[in-house]
Enquirer: 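Pasting in a structure now, in structure tokens, and then I'll have a few things to ask.
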Amino acid sequence: MTRTEEYAPGRLLDVRGETGPVVLLWHGRGADARGVLATLSERIAGHGLTVVTADWDADRPDGGRGDLLGSLGRARELAVERDQDPDTITVAGWSLGAVAATGLALDTEGLGLGVGALVLIAPADGPRAVNALSGRPLPASLPDGAGRCHIDIVYGESDTVTPPDMVCGLELRLRAAGWATSLHELDGDHGDVVGSTYDERRDAYVPAATPRALAGATATAQVVAAAATSSS
């Protein structure tokens, strides 16, 4: 069962599943592209989880910060409605959404909230990868991650958008700063890992039904489900 809510004026999110730990999904660059994560969301919900897939827009004047925090607030409300600790929800982001998810984990104290687990799917890193929550790239010197949430990192071995060297470099930086991390390499590219493909005519990623995309979504969903189950 899926229902769509307006979590802020003109901003929508989909909720799949009525029980189970809450997972918040953030798409990558592109306005209101929650649909690209539909296949992944369905597979995560199939593990008995409540999945919140939110629209956001990195091109808004605030870089998307308000959208991201608004959807996070709604996901936390859903956790409370289900008698769950909102500080135990799992946040999973893809591509630029993964950069924002990383920024969230790095600044939970400043935001006054907690995160149970983090799943970064094909995350970017470097000077061009702006964290929408801060308006800046991820810091060169990362804060100490000892005792904080576990981070799972998923990537495609043939990804040319956020290449494996970039993703593994971010994982190494996090691990060197004391964060507990796990790397998961999948057979696929930037879109396959969330069950999508790049459509040149639309200049955007769209859901895909190729065997590799469906396998990628299934494998990533398993990682997210395991993270959510262990953090709840």
Side-chain angles (χ1 to χ4, degrees), residues 13-14 16 23-45 49 51-59 63-64 67-68 71-72 75 89-105 115 117-126 128-133 138 151-164 166-168 170-171 174 181-199 202-208 212-225 227-228:
L13 57 77
D14 292 331
R16 290 181 171 87
V23 175
L24 173 62
L25 284 183
W26 285 335
H27 62 74
R29 186 179 300 280
D32 305 335
R34 72 186 190 282
V36 75
L37 300 179
T39 302
L40 175 61
S41 176
E42 290 167 359
R43 278 162 168 68
I44 296 171
L49 303 172
V51 187
V52 178
T53 312
D55 279 340
W56 70 286
D57 183 0
D59 290 329
D67 295 342
L68 295 169
S71 63
L72 175 62
I89 72 169
T90 296
V91 178
W94 171 57
S95 195
L96 194 62
V99 180
T102 306
L104 173 66
V115 174
L118 203 70
V119 181
L120 309 180
I121 309 166
D125 194 17
R128 297 179 61 188
V130 175
N131 165 22
L133 293 175
L138 298 176
I151 300 178
D152 285 281
I153 302 175
V154 180
Y155 67 97
E157 52 86 21
S158 58
D159 192 331
T160 58
V161 178
T162 55
M166 175 188 289
V167 176
C168 293
L170 175 59
E171 187 274 337
L174 287 163
T181 63
S182 298
L183 268 174
H184 308 268
E185 182 184 80
L186 305 185
D187 175 22
D189 61 19
H190 195 66
D192 291 326
V193 293
V194 292
S196 73
T197 190
Y198 181 68
D199 186 328
R202 302 184 192 181
D203 188 25
Y205 282 87
V206 296
R212 197 164 72 161
L214 295 177
T218 298
T220 298
Q222 291 171 342
V223 173
V224 175

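Heavy atoms only: backbone and side chains are in, while hydrogens, waters and symmetry mates are out.
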Enquirer: What are the two closest non-hydrogen atoms of Gly195 and Thr39, and how far apart are they?
Expert: O-OG1, 4.2 Å
Enquirer: Measuring from atom CG of Asp67 to atom CG of Asp32, what distance do you get when rounded to the nearest 0.5 angstrom?
Expert: 7.5 Å
Enquirer: Considering all heavy atoms of both residues, which atom of Leu96 and which atom of Val130 are nearest to each other, and what is their separation?
Expert: CD1-O, 3.5 Å
Enquirer: Which heavy atom of Ala217 sits nearest a heavy atom of Val194, and at what distance?
Expert: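 For Ala217 versus Val194, the nearest heavy atoms are CB-C, 4.1 Å.
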Enquirer: Rounded to the nearest 0.5 Å, how far does SG of Cys168 lie from CG of Asp125?
Expert: 11.5 Å
Enquirer: I need the single residue from Val51, Leu104, Val115, Leu72 that forms a side chain to side chain contact (heavy atoms under 4.5 Å, CB included) with Leu24. Which is it?
Expert: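 For Leu24, the side chain to side chain contact (heavy atoms under 4.5 Å, CB included) check succeeds only for Leu72.
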Enquirer: So do Val99 and Leu138 actually touch side chain to side chain, heavy atoms under 4.5 Å?
Expert: yes
Enquirer: Is there a donor-acceptor contact under 3.5 Å from the side chain of Asp55 to the main chain of Arg34?
Expert: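 At least one qualifying donor-acceptor pair exists.
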Enquirer: Would you check, one step at a time, whether the test side chain to side chain contact (heavy atoms under 4.5 Å, CB included) holds for Tyr155 with Leu183?
Expert: CA-CA 8 Å; Tyr155 67 97; Leu183 268 174; 3.7 Å; yes
Enquirer: Determine the minimum heavy-atom distance between Gly103 and Leu133, stating which atoms define it.
Expert: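 Smallest interatomic distance, heavy atoms only, reads C-CD1, 4.3 Å.
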Enquirer: Quick one: closest heavy-atom pair of Leu49 and Ala225, and the distance?
Expert: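 Looks like CD1-CA, 3.7 Å.
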Enquirer: To the nearest 0.5 Å, how far apart are CH2 in Trp56 and CG in Leu13?
Expert: 15.0 Å
Enquirer: With a 4.5 Å heavy-atom cut-off, do Leu120 and Asp152 have their side chains touching?
Expert: no
Enquirer: Give, for atom OG1 of Thr53 and atom CG of Leu40, the distance between the pair rounded to the nearest 0.5 Å.
Expert: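 Output value for this atom pair is 7.5 Å.
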Enquirer: Is the backbone of Gly216 close enough, under 3.5 Å, to the side chain of Thr220 for a donor and an acceptor to pair up by distance?
Expert: yes
Enquirer: Within the structure provided, determine whether Val91 and Trp26 are in side-chain contact (heavy-atom separation under 4.5 Å).
Expert: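 In contact.
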Enquirer: Begin with the C-alpha distance, continue with both residues' side-chain angles, and end with the deciding distance and a verdict on side chain to side chain contact (heavy atoms under 4.5 Å, CB included) for Asp159 and Val167.
Expert: CA-CA 10 Å; Asp159 192 331; Val167 176; 5.8 Å; no
Enquirer: Test Tyr198 against Asp203 for side chain to side chain contact (heavy atoms under 4.5 Å, CB included), laying out the working first.
Expert: CA-CA 7 Å; Tyr198 181 68; Asp203 188 25; 2.4 Å; yes
Enquirer: Could you tell me which non-hydrogen atom of Ser158 sits nearest to which non-hydrogen atom of Gly188, and how far apart they are?
Expert: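 In terms of heavy atoms, the two residues are closest at OG-O, 2.7 Å.
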Enquirer: Could you measure the distance from the OG1 atom of Thr197 to the CG atom of Asp189? Nearest 0.5 Å is fine.
Expert: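 Spacing of OG1 (Thr197) from CG (Asp189) equals 6.5 Å.
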Enquirer: Name the one of Met166, Arg29, His190 that satisfies side chain to side chain contact (heavy atoms under 4.5 Å, CB included) with Val161?
Expert: His190
Enquirer: Kindly indicate, with the supporting measurements, whether the criterion side chain to side chain contact (heavy atoms under 4.5 Å, CB included) is fulfilled by Thr102 and Asn131.
Expert: CA-CA 8 Å; Thr102 306; Asn131 165 22; over 6 Å; no
Enquirer: In Å and rounded to the nearest 0.5 Å, what is the CG to CZ distance from Leu186 to Arg212?
Expert: 10.5 Å
Enquirer: Between Leu174, Val223, Ile121, Leu118, which is the residue that forms a side chain to side chain contact (heavy atoms under 4.5 Å, CB included) with Ile153?
Expert: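 Answer to the side chain to side chain contact (heavy atoms under 4.5 Å, CB included) test with Ile153 among Leu174, Val223, Ile121, Leu118: Leu174.
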Enquirer: Are side-chain heavy atoms of Arg43 and Leu214 found at a separation under 4.5 Å?
Expert: yes
